[in-house]
Amino acid sequence: MNQTDFTIFLVDDDRGVLKAVTRVLETKGYQVRAFSSARQFLAEHDASVPGCAIFDVSMPDLNGLELQSALAAGGVERPIIFITGVGDIPISVKAMKAGAVDFLTKPVRSRELLAAIALASAKELNSRQQNGELVLIKERIARLTPREKEVLTYVSTGLLNKQIAARLGIVEKTIKLHRGRMMHKMGVRSVAELVRIAERAGIQSSDRSEHR
């Protein structure tokens with residue numbers, strides 16, 4: 001991901017830290033949006049913009065961990081790097097378990113910060129690729145007819161055409177026709193590939209366990 005296409009959302013109530021960190025990151029070509037309060041960040045944050053967040057742990061109103069929780073509660077997947085003036089192992093463990101990329105102690109070394117941002121960038125890119133794939137899968141599923149969706153569900157459980165025909169009360173030849181159209185619309189050539197994307201989309205059959 002190009003650095004100019006990657007925005008860093010920096011939140012710290014210490015304006016000196018905001019200025020210093022912003023200067024370092026901008027000299028490396030990053031776009032930086034700095035906020036002196038968590039509330040301001042939440043009010044102006046655009047989740048559609050690719051990037052990561054750097055949160056100070058100790059802030060008035062909402063601290064860094066609470067801000068992390070607020071994003072998660074809103075369904076926002078944003079890689080987060082924490083910085084703190086005091087090394088606190090329990091807090092750092094909690095932050096990392098909640099998905100933080102790194103937990104750095106002030107004064108933050110430029111090399112460590114840039115390394116953490118590189119990890120965040122890779123994580124962000126992977127997340128957006130995964131989400132883009134899921135959107136495409138759901139768009140393809142939406143183009144299926146109700147019968148084709150039924151066939152998709154049964155094929156993804158491993159049932160044969162004759163078994164699906166028996167379940168739906170129609171002839172096997174018709175199942176083959178629906179199956180062919182369904183596979184074409186889904187853009188897959190094998191059952192293994194179909195199973196993978198069905199699982200990505202959360203499609204399950206009530207009798208999946210019977211055919212494992």
Task: Flag, side chain of Glu148 to backbone of Thr145, donor-acceptor distance under 3.5 Å - done: yes
Task: ILVMFWY cluster, Val24 and Val11 together (side-chain gap under 4.5 Å) - done: no
Open item on the list: Go through it in stages, so that I can follow the logic: the residues are Phe6 and Val49, the test is side chain to side chain contact (heavy atoms under 4.5 Å, CB included), and I'd like the CA-CA distance, side-chain angles, deciding distance and then a yes or no.
Closed with: CA-CA 8 Å; Phe6 189 80; Val49 176; over 6 Å; no
Open item on the list: Show the nearest heavy-atom pair for residues Glu193 and Gly187, with the distance to one decimal.
Closed with: OE2-O, 4.0 Å
Task: Contact summary for Asp13 and Ser58, nearest pair of heavy atoms - done: OD1-O, 3.6 Å
Open item on the list: How long is the straight-line distance from OG of Ser121 back to CG of Asn126, given to the nearest 0.5 Å?
Closed with: 11.0 Å
- [ ] Return the orientation label for the Phe9 and Phe35 ring planes: parallel under 30°, perpendicular over 60°, tilted otherwise.
- [x] parallel
- [ ] Check whether any side-chain heavy atom of Ile80 sits under 4.5 Å from a side-chain heavy atom of Leu71, and report yes or no.
- [x] yes
Task: Minimum-distance pair of heavy atoms, taken over all atoms of Ser156 and Ala198 - done: CB-CB, 4.0 Å
- [ ] Mind running side chain to side chain contact (heavy atoms under 4.5 Å, CB included) on Ile170 and Arg147 for me, showing each step along the way?
- [x] CA-CA 11 Å; Ile170 54 181; Arg147 181 64 83 187; 4.2 Å; yes
Open item on the list: So, taking the atom named CG in Leu18 and the one named CZ in Arg15, what distance separates them when rounded to the nearest 0.5 Å?
Closed with: 7.0 Å
Open item on the list: Working to the nearest 0.5 angstrom, can you tell me the gap between Ile164 CD1 and Lys162 NZ?
Closed with: 12.0 Å
Task: Residue among Arg128, Arg196, Lys138 satisfying salt bridge (Lys or Arg N to Asp or Glu O under 4.0 Å) with Glu133 - done: Arg196
Open item on the list: Nearest 0.5 angstrom please: Ile8 CD1 to Ile117 CD1, how far?
Closed with: 3.5 Å
Open item on the list: I'd like to know if the side chain of Thr157 reaches the main chain of Tyr154, judged simply by a donor and an acceptor atom lying under 3.5 Å from each other, with no hydrogens or angles considered.
Closed with: yes
- [ ] Identify whether Leu10 and Leu114 are in the same connected component of the hydrophobic contact network (ILVMFWY, side-chain heavy atoms under 4.5 Å).
- [x] yes
Open item on the list: Please report the interatomic distance CD1(Ile203) to NZ(Lys149), rounded to the nearest 0.5 Å.
Closed with: 9.0 Å
Open item on the list: I need the His178 NE2 to Leu168 CG distance, nearest 0.5 Å.
Closed with: 8.5 Å
Open item on the list: Please check: side-chain N/O of Arg78 versus main-chain N/O of Gly51, any donor-acceptor pairing under 3.5 Å?
Closed with: yes
Task: Single-linkage hydrophobic cluster, 4.5 Å side-chain cutoff, Leu125 and Leu134 together - done: no
Task: Taking every non-hydrogen atom, the tightest pair across Ile81 and Ala120 - done: CD1-CB, 4.4 Å
TODO: For the residue pair Asp61 and Glu66, establish whether any side-chain heavy-atom pair is separated by less than 4.5 Å.
DONE: no
TODO: Please determine, by modelled atom types, if His45 and Arg33 share a side-chain donor-acceptor pair under 3.5 angstrom.
DONE: no
Open item on the list: Between Gln163 and Leu160 (side chain of the first, backbone of the second, donor and acceptor by atom type, cut-off under 3.5 Å), is there such a pair?
Closed with: yes
Task: side chain to side chain contact (heavy atoms under 4.5 Å, CB included) evaluation trace for Asp46 with Thr7 - done: CA-CA 10 Å; Asp46 185 351; Thr7 298; over 6 Å; no
Task: Leu113 vs Val21 side-chain heavy atoms within contact, under 4.5 Å - done: yes
Open item on the list: Take a 6.0 Å sphere around CZ of Arg181 and say whether it holds more than 12 heavy atoms from other residues, nucleotides or ligands.
Closed with: no
- [ ] Could you check if a side-chain atom of Ile83 sits within less than 4.5 angstrom of a side-chain atom of Ile54, using non-hydrogen atoms only?
- [x] yes
Task: Check: Lys28 and Leu25 side chains under 4.5 Å, non-hydrogen atoms - done: no
Task: Hphob cluster co-occupancy, Leu65 + Leu67, side-chain heavy atoms under 4.5 angstrom - done: yes
Task: Smallest separation among heavy atoms of Arg200 and Ile137, with atom names - done: CB-CD1, 4.0 Å
Open item on the list: According to a hydrophobic-cluster definition based on side-chain heavy atoms being under 4.5 Å apart (Ile, Leu, Val, Met, Phe, Trp, Tyr only), do Val191 and Met186 belong together?
Closed with: yes
Open item on the list: Using a strict threshold of under 4.0 Å (side-chain N to carboxylate O), is an ion pair present between Lys106 and Asp56?
Closed with: yes
Open item on the list: For Asn161 and Lys173: C-alpha separation, side-chain torsions, deciding distance, then whether side chain to side chain contact (heavy atoms under 4.5 Å, CB included) applies.
Closed with: CA-CA 8 Å; Asn161 287 344; Lys173 183 177 180 180; over 6 Å; no
Task: For the student: nearest non-hydrogen atoms of Gly64 and Phe55, plus distance - done: O-CD1, 3.9 Å
Open item on the list: Counting only heavy atoms not in Glu77 (residues, nucleotides, ligands), do more than 12 fall under 6.0 Å from its CD?
Closed with: no
- [ ] Using atom types as modelled and distance alone, determine if a side-chain donor or acceptor of Glu112 lies under 3.5 Å from a backbone N or O of Val108.
- [x] no
TODO: Look at atom CZ of Arg109 and say whether more than 12 heavy atoms of other residues, nucleotides or ligands are closer to it than 6.0 Å.
DONE: no
